[in-house]
Number of protein chains: 2
Amino acid sequence: MSASDHESVPDPARLAAWRALLNAHAAAVGAIERDLATAGLAPLTWYDVLFALAEAPEGRLRLHELADRVVLSRSGLTRLVDRLEGAGLLFREACPTDRRGAYAVLSAEGKAILRRMWPAYARGIVAYFARYVSEEEAGALTAVLGRVAMGDTEALRDEAAARG
Amino acid sequence: MSASDHESVPDPARLAAWRALLNAHAAAVGAIERDLATAGLAPLTWYDVLFALAEAPEGRLRLHELADRVVLSRSGLTRLVDRLEGAGLLFREACPTDRRGAYAVLSAEGKAILRRMWPAYARGIVAYFARYVSEEEAGALTAVLGRVAMGDTEALRDEAAARG
DNA sequence: TTGCACTAATTGCTTATGCAACTAGTTCGG
DNA sequence: CCGAACTAGTTGCATAAGCAATTAGTGCAA
């Protein structure tokens, strides 16, 4: 490492991994998205939102929490929730303790759509991703990519800790 | 595995890996894209195209090849090339052996932009991705995700082989 | 209690992307 | 040589996503 680099340039191995991540994501997501559309089903982003709600207690989440989980900007989430609400898959509910806020609440129809989408989505995950990944590799991927996904949050916490 | 599953549902380990892939990609790409925009630089897709051209012999590639490399639809690529051509970073050139076709050719200014973007992009890759990945993990990621990225092509070849 | 800095969500605007349809050109069988 | 099937690239249309600005509400500090 030269003095001027400050570790700011990735080495070839990590760079190759980065390019592989971009290509794998684009190929797999693109293919799954196409299959879902062909089958007349909702797009992946809809599934992500409905799934996040289904996982949450009482099937409800504040909009900003939802934005974090599906990794979408606030404005993007507002409009995505608009579309889902228009389709009857969820509804907004005012937050009693904070009058600015709203919950997104999964509706019965939303749950039904979630169940209906899963088989097709699962087939896509297997056909375009899981098929190429061994059990051990899956564990490794989860560990590494989990750290990458947490990056933002972690960095913020680190900075806060350094400051405070 | 039940008889009706036909391996069409991913096991928990691979499913977790899939979700980690989605989240890691969204977080890292989003952060890098934001940093580039803040620095007044071109978006990632521009870099990808210019880079693909820079790698190709004579800095030129047929448009459909370019579409494959950057994993974009044909129409998407047409418009992306429009924007890059408008910015003077590349130009179209008619293909002498196929009058339907065109090359995208990297311009001198395109090369310059590519060089100018790299430091910022590299910093982003390190800060939001490489930082969380060890050398061995990088190798494993490249291998696994490389297979995933190749998926499409491979599947088509397999089918062709099975048919022929 | 009043004012100020902050957060939650939405909206206007701009840009990016895909599908389907189209034009143009190639290729191959008969 | 001719037409049918295919490929290259572009365009119309619809949709998705982000930033910046806006509205509304919270909470802390003097």
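Excluded from the calculations below are hydrogen atoms, water molecules and symmetry mates; all remaining heavy atoms, backbone and side chain alike, are included. Throughout, protein chains are lettered first and strands after them, A, B, ... in sequence-line order, and every chain is numbered starting at 1.
Straight-line distance from the CG atom of A:D82 to the P atom of C:dA9: 13 Å, rounded to whole Å. Summarising the geometry, the separation between CZ on A:R100 and C1' on C:dA8 is reported as 5 Å, rounded to the nearest angstrom. For B:D98 and C:dG25, the CG to P distance is 10 Å, given to the nearest whole Å. Look at CZ on A:R99: it is 19 Å from P on D:dT23, rounded to the nearest Å. Rounded to an integer number of Å, the gap from CG of B:L36 to P of C:dA16 is 14 Å. Between the P atom of C:dC19 and the CG atom of A:D35 lies a distance of 11 Å, rounded to the nearest Å. Rounded to an integer number of Å, the gap from OH of A:Y103 to P of C:dA8 is 12 Å. Between the CG atom of A:D68 and the P atom of C:dT7 there is a distance of 13 Å, rounded to whole Å.
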What is the per-nucleotide protein-contact pattern of nucleotides 16-22 of chain D, from the 5' end, where B denotes a base atom under 4.0 Å from a protein heavy atom, S denotes such proximity for sugar-phosphate atoms only, and - denotes neither?
SSBB---
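Proximity of A:H64 to the phosphate of C:dA9: a side-chain N or O atom is located under 4.0 Å from OP1 or OP2.
If you take CD1 on B:I113 and CG on B:L41, they are separated by 8.0 Å, rounding to the nearest 0.5 Å. Here CG of A:L80 is found 8.0 Å from CH2 of A:W46. Values are rounded to the nearest 0.5 Å. Taking CG from A:L72 and CG from A:L77, the interatomic distance works out to 6.0 Å, rounded to the nearest 0.5 Å.
Residues A:E135 and B:R14 are paired through a salt bridge, judged by an N-O separation under 4.0 Å between the basic side chain and the carboxylate. The pair B:R147-A:E137 meets the salt-bridge criterion, since a charged nitrogen lies less than 4.0 angstrom from a carboxylate oxygen. A salt bridge links A:D82 with A:R92: at least one charged nitrogen is closer than 4.0 Å to a carboxylate oxygen. A salt bridge does not link A:R79 with A:E85: none of the charged nitrogens is closer than 4.0 Å to a carboxylate oxygen.
Two end axes, each from the C1' atoms of five base pairs, can be drawn for the helix from C:dT1-D:dA30 to C:dG30-D:dC1; they diverge by 20°, to 10 degrees.
With a 4.5 Å cut-off on side-chain heavy atoms, B:V148 and A:Y128 do not count as touching. Side-chain contact between B:D48 and B:R69 is absent, with no heavy atoms from C-beta onward closer than 4.5 Å.
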